[in-house]
Amino acid sequence: MHSDPQPLAPLVRSLRAGDRRPTALVDDLCDRLDAVDDDVSAFLPEVGRRDRLVREATALDARHDDAARRPALFGVPVGVKDIFHVDGYLTEAGASVPPAAITGAESTAFARLRDAGALHFGKARTTEFAYFDPPSTRNPNDLGHTPGGSSSGSAAAVAAGICPLALGSQTIGSVIRPAAFCGVVGFKPSYGRIPLDGVVPFAPSVDHVGTFTADVAGAVRAAAVLCDGWVPADPDGPPVLGVVEGPYAEQATDAGRAGVAAGADALERAGYEVRRVSMLDDIDDVNESHEALAAAEFALTHAEWYAEYGDDYAPETAALIEEGHDVGVDELAAARAARLDLRERIGERAREAGVDLLCSPAAPGPAPEGIDDTGDPIMNLPWTNAGVPALTVPCGRADGLPLGLQLVAPFGDDEALLAWGADIAAAVADVGAVDA
């Protein structure tokens with residue numbers, strides 16, 4: 001087992017106070033990379049990585065020699081999914097298309113982290129163009145299993161303790177699912193809270209930037225830097241929680257549902273009010289609409305690249321583009337409208353049920369065996385389609401592998417979701433093996 005995630009918040013405190021120097025930290029993390037990444041394969045190779053990071057850390061330290069003025073993420077090395085453009089680096093996007101054709105201006109998301117004092121640790125491996133063709137990355141909890149995707153390297157890097165923070169993206173389930181598989185915290189904010197510019201697009205109507213951290217406190221630190229208009233929340237009292245039941249929940253395996261049930265029991269013992277909420281009876285229609293939207297927009301965003309480099313695309317990715325060509329203009333318009341309707345319905349159903357947060361499996365079950373399949377994102381699809389904020393926290397294990405509890409809030413309630421998330425994570429932290 002190579003899993004050893006490092007919490008971000010105490011690390012930030014020690015760096016900003018001067019108790020730990022950025023140069024020492026990058027040396028330690030490069031040592032960790034050398035020790036485990038031949039097995040985990042979270043990062044793309046980089047010649048001279050350690051020397052570069054030491055130089056950058058030294059320069060950062062010199063610019064901020066006054067501890068009182070050190071920025072929010074001073075000296076924090078960040079893994080960056082290789083669909084985010086970073087100045088000075090080519091973007092490969094897990095593809096065989098020439099990187100020079102893909103690479104563009106630096107992403108706003110990474111620029112915000114860098115402006116907050118973070119260091120670019122390296123490019124994390126991704127499935128081809130953030131779809132399903134997997135990279136060589138393995139799950140640090142069990143190298144015989146997938147870490148999930150498409151943000152495979154980002155999830156594995158944090159789980160393996162190579163870096164304390166990583167950027168990912170989600171168009172169906174590419175943050176929440178791999179975070180659950182790897183036993184770390186994944187956060188996908190409300191649609192539009194983190195700018196998408198400088199990120200290779202998949203389906204812009206449903207693309208989201210997200211983060212991976214060891215715990216919720218780290219997710220809060222990152223969100224405060226990344227999200228537009230972030231205002232820390234201090235809710236009055238604990239939330240009322242709603243466990244989602246019905247056809248949507250039935251898409252999970254017995255293990256996935258058992259993990260949520262065990263989490264709900266632990267939360268009730270901790271004093272939370274937990275209700276059962278029947279919703280998403282039309283999940284088949286939601287799934288079909290999202291899949292049509294994603295295929296159509298993927299075909300549109302890749303039109304020029306595919307026309308010139310189509311032979312370089314993996315067969316499954318090429319098939320998605322061809323599928324997207326068959327989606328009509330009216331069907332695409334209807335799918336785009338349907339996501340806004342779903343957003344409203346989720347908020348209305350939560351209000352009707354008197355719940356603040358919805359709970360469901362973060363993935364159908366634990367990480368599948370092998371690395372040729374990144375697992376099914378179906379449990380994340382409706383929340384991504386609606387653009388509502390989602391958080392996954394570790395909650396039990398099945399077959400020796402982590403399970404995740406997915407927490408969802410109404411649109412725009414990102415701050416409250418994360419404010420509540422740490423205590424919820426603590427309440428379910430001791431959930432052990434579940435009976436599936």
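These numbers were taken from a predicted model, which means no experiment stands behind them.
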| request: Give me the one residue out of V225, L119, L8 that meets side-chain contact (heavy atoms from CB on, under 4.5 Å) with V76. | output: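 In the set V225, L119, L8, the residue that makes a side-chain contact (heavy atoms from CB on, under 4.5 Å) with V76 is L8.
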Okay, side chain of [X], backbone of [Y]: is any donor-acceptor separation there less than 3.5 Å?
X	Y	result
S289	V286	no
Q6	D4	yes
R69	H64	no
T301	F298	yes
Q170	G210	no
R336	L293	no
R343	V388	no
R32	C163	no
R50	D27	yes
D142	G144	yes

| request: Would you check, one step at a time, whether the test side chain to side chain contact (heavy atoms under 4.5 Å, CB included) holds for F202 with S150? | output: CA-CA 11 Å; F202 188 119; S150 59; over 6 Å; no
| query | Under 30°, 30 to 60°, or over 60°: which ring-plane class applies to F187 and W230, parallel, tilted or perpendicular? | reply |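 Aromatic pair F187/W230 classed perpendicular.
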First locate atom [atom1] of [X], then atom [atom2] of [Y], and finally report the distance between them rounded to the nearest 0.5 Å.
X	Y	atom1	atom2	value
T146	F181	OG1	CZ	6.5 Å
H208	Y191	NE2	OH	7.5 Å
D376	T253	CG	OG1	10.5 Å
R21	L15	CZ	CG	9.5 Å
L241	L405	CG	CG	8.5 Å
F132	T374	CZ	OG1	5.5 Å

| request: May I ask you to decide whether D215 forms a salt bridge with R221, counting only side-chain N to carboxylate O separations under 4.0 Å? | output: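 Answer for the salt bridge query: no.
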| query | Thinking salt bridges, do E415 and R193 make one under a 4.0 Å N-O criterion? | reply |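 Yes.
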| field | Crowding at CD, E288 (>12 non-hydrogen neighbours, <6.0 Å) | value |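 No - once you tally the heavy atoms of other residues, nucleotides and ligands closer than 6.0 Å, there are 12 at most.
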Please report the closest heavy-atom contact between [X] and [Y], naming both atoms and the distance.
X	Y	value
I176	K188	CD1-N, 4.2 Å
P382	I346	O-CD1, 4.4 Å
V184	A155	CG2-O, 4.4 Å
A166	V78	CA-CG1, 4.3 Å
S151	G168	OG-CA, 3.6 Å
S3	P5	OG-CD, 3.6 Å

Would you say that [X] contacts [Y] through its side chain, given a criterion of any heavy-atom pair below 4.5 Å between the two side chains?
X	Y	answer
L44	R125	yes
I424	P239	yes
E56	L53	yes
D28	R20	yes
C182	P147	yes
L196	P201	no
R52	E46	yes
V206	R339	yes

| Under 6.0 Å between ring centres, would you say that holds for H120 and F110? |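 Close enough - the centres of the two rings lie under 6.0 Å apart.
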State whether a side-chain donor-acceptor pair under 3.5 Å links [X] with [Y].
X	Y	result
S152	T137	no
K81	S154	no
N287	Q251	yes
T103	H85	no

Would you mind writing out the side-chain donor-acceptor pairs for residues 359-372 within the sub-3.5 Å range, not counting sequence neighbours?
| unit_1 | atom_1 | unit_2 | atom_2 | d |
| --- | --- | --- | --- | --- |
| S360 | OG | Y248 | OH | 3.0 |
| S360 | OG | Q406 | NE2 | 3.0 |

| task | Apply side chain to side chain contact (heavy atoms under 4.5 Å, CB included) to T91 and D82, showing your working. | result | CA-CA 6 Å; T91 300; D82 193 28; 3.9 Å; yes
Distance-only donor-acceptor pairs under 3.5 Å for side chains of residues 307-334, two or more places apart:
| unit_1 | atom_1 | unit_2 | atom_2 | d |
| --- | --- | --- | --- | --- |
| Y313 | OH | H302 | ND1 | 2.8 |
| T317 | OG1 | E128 | OE1 | 2.4 |
| E322 | OE2 | Y306 | OH | 3.0 |

| Check against side chain to side chain contact (heavy atoms under 4.5 Å, CB included), R397 and N141 | CA-CA 11 Å; R397 300 178 81 86; N141 296 273; 3.8 Å; yes
| query | Is there a side chain to side chain contact (heavy atoms under 4.5 Å, CB included) between L33 and L29 once you walk through the steps? | reply | CA-CA 6 Å; L33 178 81; L29 295 183; over 6 Å; no
